[in-house]
*Asks:* 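Before I ask anything, here is the structure I am working with.
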Amino acid sequence: MLHLTLESRLRAAVTLVLPDASTANVLVRPAADAKFGDYQSNALMTLAKECKLNPRQLATDVVAKLDVSDICEKVEIAGPGFLNFRLKPDALAGVLAAAARGEHLFFAQATTETLRTVVIDFSSPNVAKPMHVGHIRSTILGDSLARTLRLLGHRVITDNHIGDWGTQFGMLLIGWKTLMERTALDRDPIAELERIYKAVNAACKEAPATLESARAELVKLQSGDAENLAIWHEMIRLSQVQFDAIYGRLGVKFDHTLGESFYNPWLKTLVEELVAKGLARESEGAVAVFSDGTLPPKTDPLRVQNREGEWVDDPLLIQKSDGASNYATTDLATLDYRLKEWQATEIVYVVGAPQQPHFNKLFHVFRRWQPEAAAKVKLLHAWFGSILGDDGKPFKTRSGDTVKLADLLDEAEERALKVVAEKRPDLDAAVQKEIARKVGLGAVKYQDLLSNRQSDYVFSWDKMLALTGNTAVYVQYQFTRANKVVRDSGMERQASLADGQLVLGDPAEFTLAKHLLNFGLTLDAAADDCRPNFLVNYLYELATLYSRFYDQCPVLKAAEPARTMRVVLCDLTARVLRQGLDCLGIEAPEVM
RNA sequence: GCACCCGUAGCUCAGCUGGAUAGAGCAUCUGCCUUCUAAGCAGACGGUCGUGGGUUCGACUCCCGCCGGGUGCACCA
């Protein structure tokens with residue numbers, strides 16, 4: 001918050017010295033080290049380089065025009081041209097008082113000018129398959145991004161683009177008709193669907209005749225056969241029951257679940273339009289979009305170098321030689337729908353890294369298809385790393401020993417319950433169980449959001465369900481401690497708190513208070529780059545700073561004015577922790 | 001062969017427009033509960049940031065080469 005004030009003052013001062021310079025990159029950030037002060041700006045060194053000026057001289061000139069004496073001590077110029085700002089305690093206390101009065105929680109919401117309409121495409125499991133740990137990253141990343149953007153005041157539309165169409169249904173239909181056991185289906189629908197799918201898949205490899213009949217069933221489905229359509233609808237319904245159960249546990253909600261099949265009615269005309277516009281043409285019986293040659297081969301998504309080093313076409317197929325569409329066609333139709341139906345200004349696809357070439361092609365082809373619309377929308381593939389097995393190899397759905405998501409969540413809650421029972425034997429069993437639920441599910445989500453999304457992820461039960469160190473439990477625990485102090489303080493709502501009533505004394509208070517102010521900065525960074533790990537790290541740090549403060553500064557026994565200051569710090573810390581955890585989809589227990 | 005990703009402490013990983021002495025957790029070791037919840041706090045140990053060059057006031061970060069690992073490369077999604 002204060003850094004934004006410093007930033008705008010600094011920009012104004014820069015403009016006075018260098019009227020033509022762009023100040024977009026003039027930023028004020030929290031200081032890297034407390035000994036340099038509270039905030040710093042490195043921008044003048046960059047600016048001096050661009051303008052071929054002496055950086056120290058530029059810094060001196062800018063500081064001469066800079067008036068921040070209401071919030072800072074004298075601005076220092078250090079090293080080759082760093083600006084170091086040291087806050088006046090009263091300025092910091094003033095921001096805290098405003099937050100305590102409920103005027104803000106250290107972040108700013110979007111205005112009508114900055115409002116974005118963001119469609120987030122995430123989770124997207126396949127019908128008739130169990131959700132496994134491979135789905136967790138997309139689901140949790142996407143949900144966190146949606147929650148964060150919503151908190152920042154943007155219009156967010158979440159869409160679960162489930163896999164409810166495609167060649168696997170040929171095999172599923174055969175299996176349903178010839179192998180399916182009704183009692184098994186009633187007991188565990190997804191397991192039975194998975195079983196028949198695997199059986200038919202194996203049979204197809206043995207006998208070409210089975211493969212043929214699977215194709216025939218698929219054609220019947222696609223041409224509207226009533227029996228096959230009914231079975232297909234039933235498989236989707238059974239899957240949706242499973243999805244809803246998992247999403248319910250995870251607290252994940254979607255505004256829409258428009259699966260691949262939803263776009264079927266538009267696919268044929270879409271292909272025709274692309275052909276008519278000259279973008280797509282027939283090739284080896286299929287229809288594909290080829291490079292138009294306007295880009296250098298190296299940056300052209302539709303060209304690739306072959307073994308001999310020659311550049312050859314690597315087109316985007318939009319219709320198979322049997323006349324059926326594929327996922328490129330569906331994805332183009334989906335993109336078109338989202339722009340027309342929802343007026344999206346951004347579409348974020350939270351999909352794994354291996355699909356980068358696909359999205360490169362998809363976005364490229366869309367730009368050629370609808371240049372005007374494409375110019376107005378930001379398309380982002382927020383990719384993430386693979387989940388690896390203990391052997392370091394990515395595991396795939398068919399390898400057989402994938403960990404089912406439901407089992408993972410069960411195990412998380414069970415492990416957490418053991419710890420809760422040990423730490424808090426005084427609580428009722430039902431209360432213990434509820435804490436264990438929040439702690440266990442929190443552990444899973446936190447672990448997944450903790451590292452950079454682009455890193456590969458080595459799956460291990462112990463790692464995923466860790467309850468010590470930098471984990472959700474730690475943050476949740478600090479929240480309950482802060483919350484408890486506020487409850488016990490008996491302090492009324494602080495609506496009438498005056499700025500002057502807050503006096504910062506102890507260094508632990510000062511450090512904690514400064515960190516609270518960085519909440520908004522962190523939310524913005526996490527949302528803009530789709531990196532919830534920034535927020536996770538921020539919350540962990542806030543929790544550690546609170547824990548130190550709690551250890552060093554008695555709150556309820558302190559004399560005024562320290563007592564009020566400290567209760568306010570506890571209250572604000574608890575509020576920021578709760579709000580931050582909420583952005584991660586993690587619940588904050590009142591008691592632990 | 002080509003493209004993309006990765007290589008940071010014993011292990012798992014952070015590292016924000018290039019910025020000041022590269023940070024956490026786990027593990028190991030040492031202290032701290034008659035004091036608001038010890039699911040806690042304080043401290044120690046631990047690094048040629050794969051490697052060799054380049055760019056510059058400054059490189060884990062940008063560029064080039066090399067080594068090592070992973071993934072993908074037209075009708076599955």
Side-chain angles (χ1 to χ4, degrees), chain A residues 24-27 29-33 35-36 40 42-43 45-46 48-49 55-56 78-82 84 124 126 163 165-168 260 283-288 298 304-309 311 313-322 324 326-328 330-331 352-358 360 383 385-386 388 392-394 419-420 422-424 439 450-452 454-456 458 460 462-463 466-471 473-474 476-478 480-481 484-485 488-489 521-522 525-526 529 531 533-534 536-537 540-541 544 547-548 550-558 566 570 591-592:
Chain A
N25 290 328
V26 174
L27 303 177
R29 296 279 103 130
D33 191 316
K35 78 178 179 196
F36 300 129
Q40 68 181 65
N42 312 330
M45 292 180 284
T46 313
K49 182 179 265 184
R56 283 233 34 138
F82 295 98
N84 291 335
S124 309
N126 286 323
W165 198 248
T167 41
Q168 76 271 25
E260 291 162 356
S283 169
E284 297 173 32
V287 179
K298 229 182 151 121
V304 72
Q305 220 166 1
N306 69 10
R307 287 171 213 285
E308 285 74 44
W311 288 100
D313 284 320
D314 183 29
L316 180 72
L317 255 69
I318 56 171
Q319 190 175 84
K320 299 192 283 181
S321 50
D322 65 2
N326 61 9
Y327 80 137
T330 314
D331 280 354
Q355 297 213 38
Q356 281 183 97
H358 169 68
N360 282 339
W383 57 270
S386 307
L388 310 175
K393 290 181 183 167
V419 180
V420 177
E422 182 192 318
K423 301 279 183 188
R424 296 302 303 270
V439 166
L450 175 61
S451 60
N452 186 322
Q454 296 179 328
S455 305
D456 283 343
V458 179
S460 110
D462 288 339
K463 189 186 165 192
L467 293 173
T468 57
N470 186 352
T471 60
V473 191
Y474 180 84
Q476 288 168 323
Y477 180 62
Q478 300 310 332
T480 62
R481 299 216 292 188
K484 174 80 163 22
V485 175
D488 291 349
S489 74
L521 187 76
T522 310
D529 288 351
R531 292 187 195 280
N533 63 310
F534 290 165
V536 173
N537 289 330
Y540 179 69
E541 202 173 333
T544 61
S547 192
R548 185 178 308 162
Y550 182 87
D551 196 59
Q552 294 174 4
C553 303
V555 179
L556 301 177
K557 290 166 195 156
R566 291 175 182 178
C570 289
V591 178
M592 278 175 73

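Within every chain, numbering begins at 1; the chains are lettered A, B, ... in the order of the sequence lines, protein sequences first and strands thereafter. Because the structure is a prediction, the values reported are computed rather than measured.
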*Asks:* Between A/Pro55 and A/Gly79, which is nearer to the 5' end of RNA chain B once each is assigned its nearest nucleotide?
*Replies:*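 Looking at the nearest nucleotide for each, A/Gly79 comes out on the 5' side.
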*Asks:* Within the pair A/Thr544 and B/C41, is there a side-chain N or O less than 4.0 Å away from OP1 or OP2?
*Replies:*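 False: A/Thr544 side-chain N/O out of range (4.0 Å or more) of B/C41 OP1/OP2.
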*Asks:* Has the side chain of A/Glu284 got a donor or acceptor that lies under 3.5 Å from a partner of the other kind on the base of B/A74?
*Replies:* yes
*Asks:* Taking the same atom, C1', in B/G69 and in B/U30, what whole-Å distance lies between them?
*Replies:* 39 Å
*Asks:* Does A/Asn25 reach a base, just sugar-phosphate, or nothing at all? Heavy atoms under 4.0 Å.
*Replies:* base
*Asks:* Quick check: do A/Lys320 and A/Thr167 have side-chain heavy atoms less than 4.5 Å from each other?
*Replies:*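 A/Lys320 reaches A/Thr167 side chain to side chain.
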*Asks:* Within the structure provided, determine whether A/Phe534 and A/Asp529 are in side-chain contact (heavy-atom separation under 4.5 Å).
*Replies:*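 Yes; the side chains approach each other to less than 4.5 Å.
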*Asks:* It should be established whether A/Asn470 places a side-chain nitrogen or oxygen under 4.0 Å from OP1 or OP2 of nucleotide B/C26.
*Replies:*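 A/Asn470 to B/C26 OP1/OP2: no side-chain N or O under 4.0 Å.
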*Asks:* Ignoring hydrogens and geometry beyond distance, is the side chain of A/Lys423 in donor-acceptor contact with the base of B/G40 at under 3.5 Å?
*Replies:* no
*Asks:* Taking the C1' atom of each, how far is B/G7 from B/C49, in whole Å?
*Replies:* 10 Å
*Asks:* When you get a sec, tell me which of B/U37, B/A42, B/C41 is the closest nucleotide to the side chain of A/Ser547?
*Replies:*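 Nearest to the side-chain atoms of A/Ser547, counting from C-beta on, is B/C41.
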*Asks:* If you measure from the C1' atom in B/C63 to the same atom in B/G18, how many Å do you get, rounded?
*Replies:*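 The answer is 13 Å between these two C1' atoms.
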*Asks:* Write down the distance between CD1 (A/Ile318) and C1' (B/A77), rounded to a whole number of angstrom.
*Replies:* 17 Å
*Asks:* Side chain of A/Ser321: nearest nucleotide among B/G15, B/C75, B/C13?
*Replies:*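 Nearest to the side chain of A/Ser321 among the choices is B/C75.
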*Asks:* It should be established whether A/Tyr474 places a side-chain nitrogen or oxygen under 4.0 Å from OP1 or OP2 of nucleotide B/A24.
*Replies:*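 Checking B/A24 against A/Tyr474, no side-chain N or O comes under 4.0 Å of OP1 or OP2.
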*Asks:* Please check this pair: side chain of A/Gln40 against backbone of A/Phe82, looking for a donor-acceptor N/O pair closer than 3.5 Å.
*Replies:* no
*Asks:* For B/A27 versus B/G52, give the span between their C1' atoms, rounded off to a whole number of Å.
*Replies:*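 Rounded to whole Å, the distance is 34 Å.
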*Asks:* Can you check whether A/Phe82 stacks with the B/A20 base, using ring centres under 5.5 Å and planes within 30°?
*Replies:* yes
*Asks:* Please state whether the phosphate of B/C76, meaning OP1 or OP2, lies under 4.0 angstrom from any side-chain nitrogen or oxygen of A/Thr167.
*Replies:* no
*Asks:* Under a 3.5 Å cut-off for both contacts, is B/C41 paired Watson-Crick or G-U wobble with anything, and if yes, with which nucleotide?
*Replies:*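 Base partner found: B/G31.
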*Asks:* Can you identify which nucleotide, out of B/A74, B/C36, B/C26, has its nearest atom closest to the A/Ser283 side chain?
*Replies:* B/A74
*Asks:* What is the glycosidic conformation of B/C33: syn, defined as within 90° of 0, or anti?
*Replies:* syn
*Asks:* Choosing from B/C5, B/A74, B/C36, which nucleotide comes nearest the side chain of A/Lys557?
*Replies:* B/C36
*Asks:* Identify whether any heavy atom of A/Ala78 sits under 4.0 Å from a base atom; if not, whether one sits that close to sugar-phosphate; answer base, sugar-phosphate or nothing.
*Replies:*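 The residue A/Ala78 makes base contact.
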*Asks:* Classify the nucleic acid contact of A/Ser455 as base, sugar-phosphate or nothing, counting any heavy atom under 4.0 Å across all strands shown.
*Replies:* sugar-phosphate
*Asks:* How is A/Ala286 classified with respect to the nucleic acid when contacts are heavy atoms under 4.0 Å: base, sugar-phosphate, or nothing?
*Replies:*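 Contact class for A/Ala286: base.
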*Asks:* Spell out, as yes or no, whether a donor-acceptor pair under 3.5 Å connects the side chain of A/Arg424 to the backbone of A/Met592.
*Replies:* yes
*Asks:* How many Å lie between CZ on A/Phe534 and P on B/A24, as a whole number?
*Replies:* 18 Å
*Asks:* Roughly how many Å apart are B/G47 and B/A24, using the P atom of each and rounding to a whole number?
*Replies:* 15 Å
*Asks:* Test A/Tyr477 against A/Lys423 for side chain to side chain contact (heavy atoms under 4.5 Å, CB included), laying out the working first.
*Replies:* CA-CA 12 Å; A/Tyr477 180 62; A/Lys423 301 279 183 188; over 6 Å; no
*Asks:* From C-beta outward on A/Val555, which listed nucleotide comes closest to its side chain: B/U37, B/A14, B/C36?
*Replies:* B/C36
*Asks:* Looking at every strand, decide which applies to A/Gln40 at a 4.0 Å heavy-atom threshold: base, sugar-phosphate, or nothing.
*Replies:* base
*Asks:* Measure from the side-chain heavy atoms of A/Tyr477 and tell me the nearest of B/G25, B/A39, B/A77.
*Replies:*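 Within the option list, the nearest is B/A39.
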*Asks:* Taking the side chain as every heavy atom from C-beta outward, state whether A/Tyr550 and A/Val485 have any pair of such atoms under 4.5 Å apart.
*Replies:* yes
*Asks:* Heavy atoms from C-beta onward define the side chain here; which of B/U37, B/U17, B/G15 lies closest to that of A/Asn533?
*Replies:* B/G15
*Asks:* With a non-hydrogen cut-off below 4.0 angstrom, is A/Asp313 in contact with a base, only sugar-phosphate, or nothing?
*Replies:*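 It contacts nothing in the nucleic acid.
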*Asks:* Does the side chain of A/Arg566 come within less than 4.5 Å of A/Ser489's, by heavy atoms?
*Replies:*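 Answer no - side chains too far apart.
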*Asks:* Taking the side chain of A/Lys49 as its heavy atoms from C-beta onward, which of B/A38, B/A20, B/G18 lies nearest to it?
*Replies:* B/G18
*Asks:* Calculate the interatomic distance between A/Gln552 atom CD and B/C36 atom P; express it in whole Å.
*Replies:*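 Distance, rounded to whole Å: 16 Å.
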*Asks:* Let's see if you can work this out: which of B/U37, B/G19, B/C41 has an atom nearest to the side-chain heavy atoms of A/Arg548?
*Replies:*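 Selected nucleotide: B/C41.
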*Asks:* B/C13 P sits how many Å from A/Lys463 NZ, rounded?
*Replies:* 4 Å
*Asks:* Between B/A74 and A/Asn326, counting only base atoms on the nucleotide and side-chain atoms on the residue, is there a donor-acceptor pair under 3.5 Å?
*Replies:*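 No, no donor-acceptor pair under 3.5 Å.
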*Asks:* A/Val419 or A/Trp165: which one's nearest nucleotide on RNA chain B is closer to the 5' end?
*Replies:*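 Result: A/Val419.
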*Asks:* Write down the distance between CG (A/Leu450) and C1' (B/C13), rounded to a whole number of angstrom.
*Replies:* 7 Å
*Asks:* Which whole number of Å gives the distance between the C1' atom of B/C29 and that of B/G50?
*Replies:*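 Rounded to whole Å, the distance is 31 Å.
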*Asks:* Between B/A3 and A/Asn360, is there an OP1 or OP2 to side-chain N/O distance shorter than 4.0 Å?
*Replies:*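 For B/A3, neither OP1 nor OP2 has a side-chain N or O of A/Asn360 closer than 4.0 Å.
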*Asks:* If only side-chain N and O atoms of A/Arg424 are considered, is one of them under 4.0 Å from the OP1 or OP2 phosphate oxygen of B/A39?
*Replies:*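 False: A/Arg424 side-chain N/O out of range (4.0 Å or more) of B/A39 OP1/OP2.
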*Asks:* Select one nucleotide: of B/G19, B/G25, B/A74, the one nearest the side-chain heavy atoms of A/Asn42.
*Replies:* B/G19
*Asks:* Stacking here means centres under 5.5 Å and planes under 30°; does A/Phe36 stack on B/A20?
*Replies:* yes
*Asks:* Is the shortest side-chain N/O distance from A/Lys484 to OP1 or OP2 of B/U37 below 4.0 Å?
*Replies:* yes
*Asks:* Rounding to the closest angstrom, what is the interatomic distance between B/C60 and B/U51 at atom P?
*Replies:* 11 Å
*Asks:* Using the side-chain contact (heavy atoms from CB on, under 4.5 Å) definition, which of the options A/Leu467, A/Thr468, A/Val439 pairs with A/Val419?
*Replies:*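 With A/Val419 as partner, A/Leu467, A/Thr468, A/Val439 yield a single side-chain contact (heavy atoms from CB on, under 4.5 Å), made by A/Leu467.
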*Asks:* What is the separation between atom CD on A/Gln356 and atom P on B/C73, rounded to the nearest whole Å?
*Replies:* 14 Å
*Asks:* Would you say A/Tyr327 reaches B/A77's phosphate, i.e. side-chain N/O to OP1/OP2 under 4.0 Å?
*Replies:* no
*Asks:* Would you state whether a donor and an acceptor, one from the side chain of A/Ser124 and one from the base of B/A77, lie under 3.5 Å apart?
*Replies:* no
*Asks:* Counting only side-chain nitrogens and oxygens, does A/Arg481 get under 4.0 Å of the OP1 or OP2 atom of B/A38?
*Replies:*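 For B/A38, OP1 or OP2 has a side-chain N or O of A/Arg481 closer than 4.0 Å.
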*Asks:* Flag the pair A/Leu521 / A/Pro30 as yes when at least one side-chain heavy-atom distance between them is below 4.5 Å, and no otherwise.
*Replies:* yes
*Asks:* At 4.0 Å (heavy atoms only), tell me whether A/Asn84 reaches a base, stays on the sugar-phosphate, or touches nothing.
*Replies:*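 Base: the residue A/Asn84, judged by heavy atoms under 4.0 Å, touches a nucleobase.
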*Asks:* Round to the nearest Å and state the distance from A/His358 atom NE2 to B/A74 atom P.
*Replies:*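 After rounding, the reported distance stands at 14 Å.
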*Asks:* Using atom C1' of each nucleotide, how far apart are B/A20 and B/A59 to the nearest Å?
*Replies:* 13 Å
*Asks:* Nearest heavy-atom pair of A/Tyr474 and A/Thr544: which atoms, and what distance?
*Replies:* OH-CA, 3.2 Å
